[in-house]
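Hydrogens, waters and symmetry mates play no part in the numbers below; they use all other heavy atoms, side chains included.
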Amino acid sequence: QVQLSESGGGLVQDGGSLRLSCAASGRTFTSYTSWTMGWFRQAPGKEREFVAAIRWSGGSTGYAGSVKGRFTISRDNAKNTVYLQMNSLKPEDTAVYYCAADSSGRFLARSVYEYDYWGQGTQVTVSS
């Protein structure tokens, strides 16, 4: 069983920055090499949406159009941790942010239905 634990959320002003972390546990790193790790977000009254994804092996990345150029996803293999650096934050970025893992070997999945492990989420609030 894999556990994902997010941290780093909080309240920030319009234009500010935050870095989210997602620590994976329950398996050794070599078990993750074909996995994709993703970040999703869900605002009140809206569906959960894709933000960014990264492959553990090779580090290929993908982004939603709304965050491209502002957010950066990265990983630290030694720490089994994935990060989401969020810059130039806007009030519309306010949401609960979730870390997720796709163990199927698919390349940079973007649908919530393609991810089989989820964290509990961390709140990000951007004030105007």
*With sequence neighbours left out, which residue pairs that include part of residues 43-54 fulfil the side chain to side chain donor-acceptor pair (under 3.5 Å) condition?*
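Sorted result for residues 43-54: Arg41-Glu49, Gln42-Arg48.
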_Gln123: side-chain hydrogen bond (donor to acceptor under 3.5 Å, both in side chains) partners, not counting sequence neighbours_ =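 With sequence neighbours excluded, Gln123 shows a side-chain hydrogen bond (donor to acceptor under 3.5 Å, both in side chains) to Thr125, given in chain and number order.
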*Around Gln3, counting heavy atoms of other residues, nucleotides and ligands shown, do more than 12 lie under 6.0 Å from its CD?*
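Yes, CD of Gln3 has more than 12 neighbouring heavy atoms, counting only those of other groups under 6.0 Å.
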*Please report the shortest heavy-atom distance between Ala53 and Thr36, naming the atom on each side.*
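Residues Ala53 and Thr36, closest heavy atoms: CB-CG2, 3.9 Å.
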*What are the two closest non-hydrogen atoms of Ala95 and Ala43, and how far apart are they?*
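Scanning both residues completely, I find the closest heavy atoms to be CB-N, 3.8 Å.
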So, does [X] use its side chain to make a donor-acceptor pair with the main chain of [Y] at under 3.5 Å?
X      : Y     : answer
Thr81  : Ala23 : no
Tyr63  : Ile73 : yes
Gln120 : Ser5  : no

Disulfide bond (SG atoms under 2.5 Å apart) pairs, two or more places apart, involving [range]:
range           : result
residues 53-87  : none
residues 50-92  : none
residues 43-90  : none
residues 64-128 : Cys22-Cys99

_Give me each pair satisfying salt bridge (Lys or Arg N to Asp or Glu O under 4.0 Å) with a member in residues 59-83, each pair once, sequence neighbours excluded._
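Salt bridge (Lys or Arg N to Asp or Glu O under 4.0 Å) check on residues 59-83 returns Arg70-Asp93.
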*salt bridge (Lys or Arg N to Asp or Glu O under 4.0 Å): which pairs involve residues 113-127, sequence neighbours left out?*
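Sorted result for residues 113-127: Arg106-Glu114.
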Atom pairs and distances, donor-acceptor, side-chain atoms in residues 11-20, under 3.5 Å, two or more places apart:
from	atom 1	to	atom 2	distance (Å)
Ser17	OG	Asn87	OD1	2.9

*If you group Ile, Leu, Val, Met, Phe, Trp and Tyr whenever their side-chain heavy atoms sit less than 4.5 Å apart, what else falls in with Phe107?*
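Grouped by the 4.5 Å side-chain rule, Leu108 form the rest of the cluster around Phe107.
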*asked:* Taking transitive links into account, so neighbours of neighbours count too, which hydrophobic residues share a cluster with Val112 at under 4.5 Å side-chain distance?
replied: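 Hydrophobic cluster check, Val112: joined to Phe40, Phe50, Val96, Tyr98, Tyr113, Tyr115, Trp118.
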*What is the distance from atom OG of Ser74 to atom CE of Met37, rounded to the nearest 0.5 Å?*
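Answer rounded to 0.5 Å: 12.0 Å.
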*Considering residues at least two apart in sequence or located in another chain, which fulfil the ring-ring contact (aromatic ring centres under 6.0 Å, His included) criterion with Trp35?*
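For Trp35 the ring-ring contact (aromatic ring centres under 6.0 Å, His included) partners, ignoring immediate neighbours, are Tyr32, Tyr117.
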*Check whether any side-chain heavy atom of Trp56 lies under 4.5 Å from a side-chain heavy atom of Val82, and answer yes or no.*
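Yes. Closest side-chain heavy atoms under 4.5 Å.
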*In terms of hydrophobic clusters joined by side-chain contacts under 4.5 Å, are Met86 and Tyr83 together?*
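No, separate clusters.
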